[in-house]
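A short write-up of the structure that comes next.
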Amino acid sequence: MSQHELQLCGQILEEHFGCLVEKVATTLIARGRSTLPALVQATKLSVKITREKATEGTRAVVYYQASIREILLRERFPLFIHTAASLFGAPAGLIVQKTLENGTLSPSKIGPTDDMSIGQLSEGMAQLLDGAFLVPLQATDHVTLNDKLIREEREAVANAGMGAPLTSTELTKLRKSLAQQRSEFNQSVDVGSKRKVVLDFEDEENKKKQRGEQYTIEKDEKFYRINTERFNLHLRNSQIAHYVKNYVNETGASLIQAMLNYGFPRMASCKEKLSPSVRRDMLGTLLRGQDFNIHGRVSNPAIEYMDLLMSAHSQIITNIDGSQYAVNLRNAVRALQVDMIESIIQEKFGLVSRRIWRLLHMRSKQDEKQVGKQAMVNNKVARECLYAMFKAGFVFLQDVPKTVDHSASRTYFLWYTSVERTCSILLSCAYNTSHRLKLRRKKEMADRTHLIEKTKRTDVLSGEAGLSEHDIEKLEELKQVQKQLQFSEWRIDEMVMLLRDFQ
Amino acid sequence: MGPPTLSQTEQTLLVTLRKFPKGTNHQALLDHLQTWTETDIVEGLNSLSSKHFVDFLESSTQGVIFRARDAEEATKWDLLDRNAACPHRALTLNRESRRTGSMNEQERIVYQFIKASSNKGTWVKDIKVKSGLHGQVVAQAIKSLEKKSLIKAVKSVKTPTKKVYMLAEIEPSAELTGGAWYTDQELDVEFIDQLSNQLFKYIGAKSIPPDPQFIYPSSHPFPTCADLHRWISKSGITTVELSRADVQSLLDRLVFDSKIEQIPIGGTTGNDDDDEDLDEWNMDEDSEDVWAYRASRRNFTDGSAWTDVPCGRCPVFSFCKEGGPVSPSGCVYFKKWLEY
């Protein structure tokens, strides 16, 4: 965890819960798992306040112990609400909002609002459940990852020591082997690979309808939580389609979106390599009734798009056994990341630097002179670009010594790129930027405290005393500034999403 | 000014020598000129040598061998001698030998080395090492030869500070001048830009249908390097002669600019490992093309989320801190950005 992450977490908690919760939670983050007395000592607050605040921010504190991501994820709540609303309509948006506000939600507790009936809300809820955007809460959901790990370790220690305490070397070894087991398990076991045999999905649905089982929120007493991975999956899929739109055309984008939508119910995690495959003869039916926009006559227009995407450098389509096509999600996310890095380089360092970066990205390690020659620029210009990018973490140097003494004069210095390293550097920059945008927003508000207080005065609210023209102008300006900063924060969060959550 | 006069015997000997372009030893000469004695040959060779018609060379198999210089060069040597003797007449001589000055033995040695290096040129240090002459002597000889416009100094693009010398009438090799992309030892970026823009437009016209929302099927003949090379040579957009390797490097540059894409001819490779072999293959002049090119539709004009906020371009991003001399609340870039 970097300093920037810690700062950003503090900022988010302050915005969402206030300064006391922020103080308690940041202390917890910095210290790790602590007991109440330790926390009281560290925060210098009274026991009562500390206990209250720790409970008030329960979600945050418990979440923190699970993963710092949960706090950072709060930044994305508006996007989740917006996504749900645009997918399934306003009632679904409202349900997601309420779930996020409370952490968990029982549908029976949602009452009808002025503009939404129970029927609309039930429909929204059913759609959310159908897409697995909301999942039933399970008892194990409250057990944090840290707790799981601690329990696992405790069991392993009890089994290994035969009653005698372990030495520190043995403990280190044990921890290593446990970590090894976990990573092997994650790699070798597919989550959700075993399925119930359903011969005909439509038949099952029809039977349900015949039985007259229609979902209503009033009867549902279960508690639900948000499944963030499903939201991430949906957002990732639309970004991939958008990428194809930029690189090919609208039709290509719709085709890819249709392929991803077709496989969406079977996608479980962003870590999957391939999307569920589509049969060659099924491809054409995905865009039924649409014009494929191909110049000239071809027998199977959808295959032309597949060929085009397969021949491109990014290779986002994979052919399986010649008869099936799947979206290569890993390559697609990598292509999105490379695209973003290229845009940043072009904006920050100019065209020549972008050319050099791409050159290194495509041709791996190169000497400075080779770079100049291939990019067709003077060696001096190439060197300047390389060092500027080196400083900002976009290109890296590998030394290859000719002699054992590692003398600089007898060493080759080769330049190379690493998308992973650049992504982690950019992620840290994004956290940092997000933190600064928040600070600036706070400062803009603080500068206009008088004005904000004035608008909240009872006489102004009731209309007895009006605001002067100057005040109204300033208020408009504040709105504009806030909008701009908030909008930028969301865009930066989209960048974080691509760098952190899509892979 | 005619060639130097030669006596009858000298001419006979010279004609005989010229039958051996690679040189010959005195025994072979004796065999050819059967009426001559060994003394006659030695005297004849000496007098020819003094008039710069013969070179004496050392051969590992034949001992000392003699080789006739070609007529033009012999004249040049002779001219130099005459000019030295009679400076007033130099004005009437051909341009090459207008400057006066004699060529002494050292100059000749240096001249020989420079001549041997042909269009690649040779470096002063190499001459020094090979000839075994003192540095100053070599420097003087070079200076005087340069004055006489017999040799010229050329700078290589690879080592811009190092001068190499070659005969004045020789064109420097492409290795020294840098090939088609260099004008006056400088990389002509303007020229490269213009040319690649033209190339990009041409590829665009050949690979994107008139309606940009349409695509060409994979059976469409996308242009290859050979096609583009042919087009450039025919279109007359440049007077500079470009080789296929030159066109290939222009295409690579466009690929790196993500203006065009490289696609394998005849289906997809689907395997990254093959790419490098294919690259090498493509560089060969006579081989068939394995890559075709199509214009990319992506343009990077929409910016990025990070660089759209001031922090993304901030030169002091790394030491900006709340409470420090540079801070988000006091940031001037933010102020400008928010006002805009």
Side-chain angles (χ1 to χ4, degrees), chain A residues 246-252 293-296 298 301 304-305 307-308 310-313 315 318-319 339-340 342-344 346-348 351 354-356 358-359 362-363 373-378 381 426 429-430 432-433 435-437 439-440 442-444 446 480-481 484-485 488 491-492 494-495, chain B residues 158 181 186-187 189 192 196 209-220 249-250 252-253 255-258 261-264 267-270 272 275-276 279 294 296-313 317 320 322 327-331 334 337-339:
Chain A
N246 274 341
Y247 270 89
V248 187
N249 59 11
E250 295 269 6
T251 321
N293 290 348
I294 290 188
H295 197 89
V298 283
E304 291 300 332
Y305 279 93
D307 280 348
L308 192 149
M310 266 162 43
S311 65
H313 187 253
Q315 305 233 321
T318 300
N319 189 337
D339 205 60
M340 185 184 72
E342 279 183 33
S343 311
I344 290 176
Q346 167 149 346
E347 292 278 307
K348 260 178 101 94
L351 254 173
R354 181 161 70 92
R355 185 189 309 152
I356 291 175
R358 260 179 75 86
L359 183 165
M362 291 169 87
R363 298 238 162 126
K373 196 181 160 200
Q374 292 182 51
M376 296 177 92
V377 289
N378 278 324
V381 178
L426 280 179
C429 287
N432 205 342
T433 306
H435 169 61
R436 282 169 195 179
L437 284 168
L439 280 175
R440 185 70 193 197
K442 208 168 134 191
K443 192 243 170 192
E444 294 290 336
Q480 198 58 38
V481 164
Q484 197 170 343
L485 286 165
S488 300
R491 282 190 70 196
I492 295 286
E494 273 181 29
M495 180 175 157
Chain B
K158 281 183 188 161
W181 311 125
E186 286 277 329
L187 187 70
V189 180
I192 297 171
S196 33
D211 181 353
Q213 274 307 315
F214 276 65
I215 62 160
Y216 277 127
S218 54
S219 55
H220 179 78
S249 52
L250 268 184
D252 285 346
R253 185 181 184 269
V255 171
F256 298 143
D257 273 338
S258 49
E261 283 178 304
Q262 208 175 28
I263 44 170
T268 50
T269 54
D272 286 351
D275 290 3
E276 268 173 36
D279 275 342
R294 71 172 171 230
S296 167
R297 294 159 196 248
R298 173 88 168 99
N299 57 355
F300 285 83
T301 47
D302 43 357
S304 77
W306 190 41
T307 46
D308 283 354
V309 296
C311 294
R313 299 156 180 261
F317 182 74
C320 170
E322 198 57 28
S327 68
S329 5
C331 178
F334 258 126
W337 179 62
L338 289 170
E339 275 169 9

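Residue numbers start from 1 in every chain, and the chains themselves are labelled A, B, ... in the order their sequence lines are given, proteins ahead of strands. Every heavy atom of this structure was used, including side-chain atoms; hydrogens, water molecules and symmetry mates were not.
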- line: Turns out that what part of A:E347 lies under 4.5 Å from chain B's heavy atoms comes down to both
statement: Looking only at A:D339, A:V381, A:N319, the option with the highest number of non-hydrogen pairs under 4.5 Å against chain B is A:D339
- prompt: In terms of heavy-atom proximity below 4.5 Å to chain A, should B:S196 be classed as side chain, backbone, both, or neither?
  reply: neither
- prompt: Hey, what do you get for CH2 (B:W306) to CG (A:L426), rounding to the nearest 0.5 Å?
  reply: 6.0 Å
- prompt: Does any heavy atom of chain B fall under 4.5 Å from the side chain of A:A312, the backbone, both, or neither of them?
  reply: both
- request: Measure distances from B:D257 to the heavy atoms of chain A and classify the residue's part below 4.5 Å as side chain, backbone, both or neither.
  value: both
query: With distance as the sole test, does B:R298 use its side chain to make a donor-acceptor pair with the main-chain N or O of A:N246 at under 3.5 Å?
result: no
query: Within the side chain of A:R436, is there an N or O that forms a donor-acceptor pair under 3.5 Å with the backbone of B:S327?
result: no
statement: Applying a strict 4.5 Å limit to non-hydrogen atoms, the region of B:S329 in contact with chain A is both
- request: Assess whether atom NZ of A:K442 is packed by more than 12 heavy atoms of other residues, nucleotides or ligands within 6.0 Å.
  value: no
query: Tell me, side chain or backbone of A:L359 under 4.5 Å from chain B's heavy atoms, or both, or neither?
result: both
- request: Determine whether A:H295 and B:P210 make a side-chain contact, defined as any pair of heavy atoms from C-beta on separated by less than 4.5 Å.
  value: yes
Heavy-atom check, side chain of B:L338 versus side chain of A:R440, under 4.5 Å: yes
- request: Determine the option with the most heavy-atom pairs under 4.5 angstrom with chain A, choosing from B:S219, B:S304, B:P212, B:S296.
  value: B:S304
message: Taking A:R355 first and then B:D252, would you say they form a salt bridge - that is, a charged N and a carboxylate O separated by under 4.0 Å?
response: no
- request: Any chance you could lay out the side-chain contact (heavy atoms from CB on, under 4.5 Å) test for B:I215 and A:Y305, step after step, and finish with the verdict?
  value: CA-CA 9 Å; B:I215 62 160; A:Y305 279 93; 3.7 Å; yes
- prompt: With no hydrogens and no angle check, is any side-chain donor or acceptor of A:E250 less than 3.5 Å from a backbone partner on B:Q213?
  reply: no
message: B:R297: which residues meet the salt bridge (charged side-chain N to carboxylate O under 4.0 Å, His left out) condition with it, sequence neighbours left out?
response: none
- request: Dump the intermediate steps for side-chain contact (heavy atoms from CB on, under 4.5 Å) on A:N432 and B:F317, then the final yes or no.
  value: CA-CA 9 Å; A:N432 205 342; B:F317 182 74; 3.9 Å; yes
statement: Assert top hit (heavy-atom pairs under 4.5 Å, partner chain B, pool A:R358, A:M362, A:Q480) equals A:R358
message: Is a donor from one side chain sitting under 3.5 angstrom from an acceptor on the other, for A:Q374 and B:S249?
response: no
- line: One option among A:E494, A:E342, A:M340 has the most heavy-atom pairs under 4.5 Å with chain B, and it is A:E342
query: Just checking, is any N or O donor in the side chain of A:S311 or B:R294 under 3.5 Å from an acceptor N or O on the other one?
result: yes
Side-chain donor or acceptor of A:K348 paired with backbone N/O of B:G312 under 3.5 Å: yes
query: Would you say the side chain of B:V189 lies within less than 4.5 Å of the side chain of A:V377, judging by non-hydrogen atoms?
result: no
Stepwise side chain to side chain donor-acceptor pair (under 3.5 Å) test for A:E304 and B:S218: CA-CA 6 Å; A:E304 291 300 332; B:S218 54; 3.2 Å; yes
query: Taking A:R354 for the side chain and B:F256 for the main chain, is one N or O donor matched with an acceptor at less than 3.5 Å?
result: no
statement: Sorted by chain and residue number, the salt bridge (charged side-chain N to carboxylate O under 4.0 Å, His left out) partners of A:K373 (sequence neighbours excluded) come out as none
Verdict with supporting geometry, A:L485 and B:W337, side-chain contact (heavy atoms from CB on, under 4.5 Å): CA-CA 10 Å; A:L485 286 165; B:W337 179 62; 3.8 Å; yes
Side chain proximity check, B:E261 to A:H313, heavy atoms < 4.5 angstrom: no
